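Just so you know, these numbers come straight off a predicted model, no measurement behind them. Note that ligands are numbered from 1 as they come in the structure, with each ligand's atoms numbered from 1 the same way. The chain is numbered in sequence order, starting from 1.
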Amino acid sequence: MNQVVSLKIENRVASITISNPPVNSLGLAVREQLLAHLEKSENEADIEAIIIKGGGKTFPVGADIKEFKSDPKQPHLSYICSRIEQCQKPVVVAMHGMALGGGFEVALSAHFRIATPDTKLGLPEILLGLVPGAGGTQRLPRLAGVKASIDIISSGEPISAKTALDMNILDEIVEDLENGPQRFVKSILKRNLGCPRVRDLSKKILSVDHNKNLISIQRDKLDSKENILSAHYKILECLEAVSNLSFDEGLSFERNAFAELRANDQSKGMIHAFFAERQTLKIPQLLRAKPKHVQKLAVIGGGTMGSGIAISAMNAGLEVIMIERDMGSLERGKSSVFKAFERDVQKGRITESEKKALMERFVGATNYSTLEQVDLVIEAVYEEMEVKKEVFRTLDRAVPEHTVLASNTSYLDLDEIASSTKRPQNVIGLHFFSPANIMKLMEIVIHKAVSDETVATGFALAKKLKKVAVCAGNCDGFIGNRILSAYADVTSFMVEDGASPYEIDEAVKAFGYPMGPHQMFDLAGGDIGWANRKRKASSRDPNDRYVEISDRLCERGWFGQKTGRGFYRYFGDNRKGIEDPEVIRLIEVERDKKGIKPRKFTSEGIMRRYIAAMVNEAANVLGEGFAYRPSDIDVVKLFGYGFPRFRGGPMKYADTYGIEKIVEDIKLFSQEDSLFWRPSPLLLSLIKSGKNFDSLNERN
Ligand code: NAI
């Protein structure tokens, strides 16, 4: 077996080092070897104390999440933590980097904890829909108190070493792990401090009544929020057990809570999302080619997207040149960038001098002569093919041959854009989401002529900008917007058939989205969709059902939040709109025109249609080869469109709900509109072969 834990004895002190790169996760081999070295050190008469630390960049950042796919093998981490705690010789855990999840739980079970100043400590299990499972909920409150533990465990956010010291979690902050641990050990041995066990501490434990009171206030807080995970309630139950039960009973309560959550769909969804996010990089182009170096970037167009992209790139340390049509537009673009950094200063995220340094990386211009040394250009001008092609033709002449030319188009054909240049292999789609400096998703759109090197460069840029990148094929709307069109259609059908936009928004929010589709249209601006509908009007099949309600809103200039009115009305700075009876009347007029008698939709009926349309179009995207694997589609919908993470994404949700049931729904709805509701061939073939979407995720 690979050696992943080593033992070194020096000055009668055993140093056990966990070296399981990249993040020292606590997989089976680590657990076995850690236990063996611990027992050996405990039994060796010569050894007076034991230090446990991480090799490389960090202390362990948690369990080996791959083991979550099946039942973990013994020795379990909870057993190792108990063995550390019961050890007859003082055990000091010395941390650096990150000490997260199981790593932090190992630390909590030691007799002493020290860390370097830059260490971050936390219990992020909630991000997988779980509670800590190796004593974290029982030991942390005995050190830091119940209230602080609720904050740490419920947020999943790591705390700094300084905070941990103030909270009584750490015994000392040491400058480095070279000499610090040895020196610390010497001092505890000299002072004869023995083996203080966290399980025996009672000072921070509240009385049963006090604790009950505290937990009940926290529970009320959860009740008042939307879409709270079962794990949030379980955390409170575990922390209530700290006062109600003995330590050992508390551990077993925690173990049962963990097992119960492991079996539910929420944690399965969140674990799926965790893996899906990491899977998107597994595409053949990235195996075949290395990225080009990118340090100097240009954006063409300084509107909503161009300025957001500039901010994102500057934050990542890149130099940015912004090109606009005229000085006025350039000033507006520059001012958007400047204001964003000004807000960062006001919020204390950066200092005034950091802002100054950031703005020094920015150059604005109204012609292309400044682009002689640029590595990558992102075009973000109007969504019109001719305007974009003209920009690409000009760029082709103005920038060096190796420069990558990217378009941020939402829908347009990348083959056509690329063919307007003499370097189609260097052209790519980099589809950011608005606001581009905040949204984490980037679709990397490939077309027929693109080279592997250009694709690799797109992915490398995404990494630099801390984006989650997904490879998408060149179809209308790529992955995300193409699927959005399908469920936006079905939303408009439901409105025309009798559901109010507000009922639909409520149903979608109850499913777990942060906002409903009409709130989203109002936020994004109705004019964008309107322009797209007009673009497609001439090619639309006259037999297709077309709902004109959104057009009626746009004709009145009701584009949503930016005009104070859309499906909702907005007053002042309040972004929470109120329902608008005039919109309801306008909808009734449209129904009357078509002679539609409105019918009632239940929330369940709304969601079945919404999801069936989404999954069916997603299956078409996948079946036609425009997405690499189902989990890539999940990532797009999770990071770009607000699909609830605890459901894992639409493809994972379809597997959980049952793809047979989705197809039954589609067949049922096709009685209302047989042209729109046609089951995707991929869905039918999966059912025929008894497979699900997950069976297609293994592509590497
Ligand atoms: P916008 O209208 O806010 O900005 C476009 C900017 O391009 C304007 O400032 C305009 O002056 C400038 N411009 C036009 N022609 C130019 C030229 N020849 N040379 C230099 N500058 C020129 O538009 P927005 O929203 O930023 O969209 C830009 C692109 O990004 C479009 O292709 C759009 O489909 C895409 N996109 C938009 C998203 C959004 O939510 N707004 C999301 C993702 C992509």
Write none if no such pair exists; otherwise list each N/O atom of ligand 1 with its protein N/O partner under 3.5 Å and the distance.
from: ligand 1; atom 1: 3 (O); to: Thr304; atom 2: N; distance (Å): 3.0
from: ligand 1; atom 1: 3 (O); to: Thr304; atom 2: OG1; distance (Å): 3.1
from: ligand 1; atom 1: 9 (O); to: Glu324; atom 2: OE2; distance (Å): 2.5
from: ligand 1; atom 1: 11 (O); to: Glu324; atom 2: OE1; distance (Å): 2.8
from: ligand 1; atom 1: 11 (O); to: Glu324; atom 2: OE2; distance (Å): 3.3
from: ligand 1; atom 1: 11 (O); to: Arg325; atom 2: NE; distance (Å): 3.0
from: ligand 1; atom 1: 11 (O); to: Arg325; atom 2: NH2; distance (Å): 3.2
from: ligand 1; atom 1: 21 (N); to: Glu324; atom 2: OE1; distance (Å): 3.4
from: ligand 1; atom 1: 26 (O); to: Thr304; atom 2: N; distance (Å): 3.3
from: ligand 1; atom 1: 26 (O); to: Met305; atom 2: N; distance (Å): 2.8
from: ligand 1; atom 1: 30 (O); to: Asn408; atom 2: ND2; distance (Å): 3.0
from: ligand 1; atom 1: 32 (O); to: Val381; atom 2: O; distance (Å): 3.3
from: ligand 1; atom 1: 32 (O); to: Glu383; atom 2: OE1; distance (Å): 2.5
from: ligand 1; atom 1: 32 (O); to: Lys388; atom 2: NZ; distance (Å): 2.6
from: ligand 1; atom 1: 34 (O); to: Glu383; atom 2: OE1; distance (Å): 2.8
from: ligand 1; atom 1: 34 (O); to: Ser410; atom 2: OG; distance (Å): 2.7
from: ligand 1; atom 1: 36 (N); to: Ser410; atom 2: OG; distance (Å): 3.2

**Message:** Looking only at the side chains, is there a donor atom on one of Glu617 and Asn620 sitting less than 3.5 Å from an acceptor on the other?
**Reply:** yes

**Request:** State which residue, out of Arg556, Arg533, Lys534, fulfils the salt bridge (charged side-chain N to carboxylate O under 4.0 Å, His left out) condition with Asp551.
**Result:** Arg533

**Message:** If the condition is side chain to side chain contact (heavy atoms under 4.5 Å, CB included), which residues does Ala298 pass it with, not counting sequence neighbours?
**Reply:** Ile321, Leu371, Val374, Val377

Enumerate, atom names and distances included, each donor-acceptor pair closer than 3.5 Å involving a side-chain atom of residues 300-320, sequence neighbours excluded.
from: Ser307; atom 1: OG; to: Gly303; atom 2: O; distance (Å): 2.6
from: Asn315; atom 1: ND2; to: Ile311; atom 2: O; distance (Å): 3.4

**Request:** Compute whether any side-chain donor of one residue and acceptor of the other, for Ser603 and Glu506, lie under 3.5 angstrom apart.
**Result:** no

**Asked** What residues form a side chain to side chain contact (heavy atoms under 4.5 Å, CB included) with Asp673, not counting sequence neighbours?
**Response** Phe493, Arg545, Leu675, Phe676, Trp677

